[in-house]
Structures are given as C-alpha cells and as structure tokens.
Trainee: 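Okay, handing you the structure first.
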Number of protein chains: 2
Amino acid sequence: MKRNTWQREAVREALDTSGGFISAQGLHSALHAGGSPIGLATVYRALSDLADQGEADSLQSPDGESLYRACSTTGHHHHLICRNCGLTVEIGADEVEAWAKRVAGEHGFTEAAHVVDVFGLCASCSARDIP
Amino acid sequence: MKRNTWQREAVREALDTSGGFISAQGLHSALHAGGSPIGLATVYRALSDLADQGEADSLQSPDGESLYRACSTTGHHHHLICRNCGLTVEIGADEVEAWAKRVAGEHGFTEAAHVVDVFGLCASCSARDIP
DNA sequence: ATGGTTTTGACAATCATTATCAATAGCGGC
DNA sequence: GCCGCTATTGATAATGATTGTCAAAACCAT
C-alpha cells in the first residue's frame, strides 16, 4: 500500500514551485533552505516515485545529472528549454513521434523509445544577448 | 603541442572496431581483454579529446553513462541505438531539424540545439528473447 | 489506541568520472 | 642518433551523484 507523508507532499510542492528543471540535490537544498528537515535519500525516492507515476518528467543535463520537473501535461510530450534561465515550454510532438516510429521500423527496430529535447535561448534571454 | 601516442591510436582503433556506442569503462575493458595495458584515466582523456575534435560522437545512456562512438558521417546527424547490443544506425533527420527550428521559433527561442536519439531493440535482438 | 507495514533518514557503499603528480616517452633541434 | 624539454601516461586518491542498509518513526485500517 502507498502512504501519504508530508515529505512526499513537500517534494511535490517544491517541484511545482520551482517551475523549471531541477536536480534532486537542488530540490533538497531548496527544501532545507525553506526550513524542512527532509532527508536527501527521501528526496531521491520521492522524485523517482513521481517520475514513475508520470507526475514528473526527468531528463539528464548535459553533464550527467538527473533533472526533474512537474509536468502539467499528463501525456507524452517533449521540452523546449532555455539554456540560460531554465524557462521550459512543454511541446507536443506528434510529428516527431511518427518520425521516430517510422525510422525505427525502417531499420527493423522494435520497442522504440526516444529522447527529444530542444535547448535554446528564450525570447527575453535572446534580447538581453548572452555571450 | 599535441603528440601521437600508441595509446591514443589504440583508443581510436578500438572505437572503430566496436561499431556501436560504448562506455569509457567498456572500451577500457575491451582493450585490456585484448592485452593492452592502457590505463583507465588515459582512455577517458583520449575519448574526451576525440569528442572535442569531432572524431567521435558522445551521448548519455538513459542511465547516465557517457557513451562514445566513432562517427562515419562528419556532419550533423542522429542515432538509432539498440539498447541491448549497442548496434547503432546513423540517421539524417532533415524532418526533425526543420521541426526543431520551427518549434523553437514559434516560442521565440533562438540558437536552438537539440538532442534527438532513438533507443530500441534491433531486428536480431527483437527476434531473440528479451523479457 | 494497537499492530502490522511502509517510509524515513543518517550513513555507508557504489559507480562513473576527474584530479594529482611522479615517472615516462614523443618530438624538435643538435 | 642523442639531448632535453614538456606533453602524456597511469596508479591511485578524490569527487560527486546516486543507491543500499536497517533500526526507528510514522501511517492507516481496525
């Protein structure tokens, strides 16, 4: 049976609040900064549970960290992420789904999963012009 | 100044031989199995050099390891990878390039880069078992 | 409130990767 | 070919994220 604990709620809420993608360690720091005595291991567990249940998305930062984010869209989708400020836009991508499935099929591959993420500079960061 | 050492050659050759994506640790094991006394740290350095020079592609496996591969196509391309045996097919993806650029533009993003990789089971691995 | 279980959290363990640094080995100049 | 300078190597320590351990605490149906 699955139980409801304030720790899980805290993680869920912190995720919602953060807005963009954040690491487990980062979330733990944020929670501690907010006065919560939650343990690091618990944050990892909660995040991985949320990800399993589809309540959170996860992806790997370019340097190998796992990042998490509360996703509003419940179905399968991808992300457009500002590499400067972290602003994230959820994007549906039927086009890409179809393409991935077709390409996999053409080469005899089955059980195709895919990783599709777009990184760029959002409008305001572009305007401000980053080096 | 950059020097040519048999170690770097060994890594380059092992990469060519391997065919698919392989981890630094895996390459090191393979080299040792072949009798080479090359050091692990050296393999890491050589791989990261090759990746910098564009002689190798690198990507992160779903579980966070960095994988490397000698890429035959010099230009921009993506990969279709067997998650069981590592067989890799290089795929051009004009469709996806166009899509990524368009989606980024629609949201005011600039300097869009993208990560697009498809993981699946290749024909022979599909035919053989796998639960 | 009670009991049976799940969950927590401090800490150890693991795993990939990077840094350290003395010893080694390319390479240009002789 | 031989010297010397310096980049490179490699054994090992260090790092940093993540996972495992397990007794104590918390949850929930009764």
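Predicted, not measured: the structure shown is a model, and the values here were computed from it. Chain letters run A, B, ... following the sequence lines, proteins first, then strands; residues in each count from 1.
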Trainee: Between C/dT18 atom P and B/E65 atom CD, what is the distance in whole Å?
Mentor: 12 Å
Trainee: Short question: side chain of A/S58, backbone of A/L67 - any donor-acceptor pair under 3.5 Å?
Mentor: no
Trainee: Can you classify the ring geometry of B/H78 versus B/H114 as parallel (below 30°), tilted (30 to 60°) or perpendicular (above 60°)?
Mentor: tilted
Trainee: Which part of the nucleic acid, if any, lies within contact of B/R45, taking any heavy atom under 4.0 Å across all strands shown: a base, the sugar-phosphate backbone alone, or nothing?
Mentor: base
Trainee: Give the C-alpha distance, both sets of side-chain angles, the deciding distance and a yes or no for side chain to side chain donor-acceptor pair (under 3.5 Å) between B/E90 and B/H79.
Mentor: CA-CA 5 Å; B/E90 295 183 6; B/H79 296 103; 4.6 Å; no
Trainee: Please give, in whole Å, the distance from C/dT6 P to A/R8 CZ?
Mentor: 12 Å
Trainee: Using atom CG of A/D49 as one end and atom P of C/dT6 as the other, report the distance to the nearest whole Å.
Mentor: 14 Å
Trainee: Through direct or indirect side-chain contacts below 4.5 angstrom among Ile, Leu, Val, Met, Phe, Trp and Tyr, which residues connect to B/V96?
Mentor: A/L80, A/L87, A/V89, A/I91, A/V96, A/W99, A/V103, A/F109, A/V116, A/V118, B/L80, B/L87, B/V89, B/I91, B/W99, B/V103, B/F109, B/V116, B/V118
Trainee: Which comes earlier along DNA chain D counting from the 5' end, the contact point of A/S66 or that of B/A41, where each point is its nearest nucleotide?
Mentor: B/A41
Trainee: May I ask you to verify if any side-chain N or O of A/Y44 is less than 4.0 angstrom from the OP1 or OP2 atom of D/dT18?
Mentor: yes
Trainee: Specify the separation, in whole Å, of atom CG of B/L27 and atom P of C/dT17.
Mentor: 12 Å
Trainee: Between atom CD in B/Q25 and atom C1' in C/dT14, what is the gap in whole Å?
Mentor: 12 Å
Trainee: Could you give the CG-to-C1' distance, from A/L47 to C/dT7, as a whole number of Å?
Mentor: 16 Å
Trainee: Rounding to an integer number of Å, can you tell me how far B/D63 CG sits from D/dT19 P?
Mentor: 10 Å
Trainee: Just N and O in the side chain of B/T42: are any of them under 4.0 Å from OP1 or OP2 of D/dG10?
Mentor: yes
Trainee: Can you see which heavy atom on B/L27 is nearest to which on B/A14, and at what distance?
Mentor: CD2-CB, 3.2 Å
Trainee: Count the heavy atoms belonging to other residues, nucleotides or ligands that lie under 6.0 Å from CD of B/E13, then report whether that count exceeds 12.
Mentor: no
Trainee: Are there more than 12 heavy atoms of other residues, nucleotides or ligands under 6.0 Å from atom CG of A/D63?
Mentor: yes
Trainee: Which whole-number value in Å describes the distance from B/I22 CD1 to C/dT17 C1'?
Mentor: 16 Å
Trainee: Mapping A/I38 and B/Y68 to their closest nucleotides on DNA chain C, which lands nearer the 5' end?
Mentor: A/I38
Trainee: Where along nucleotides 25-30 of chain C does protein come under 4.0 Å, by heavy atom, of base (B) or sugar-phosphate alone (S), with - for untouched nucleotides?
Mentor: BBS---
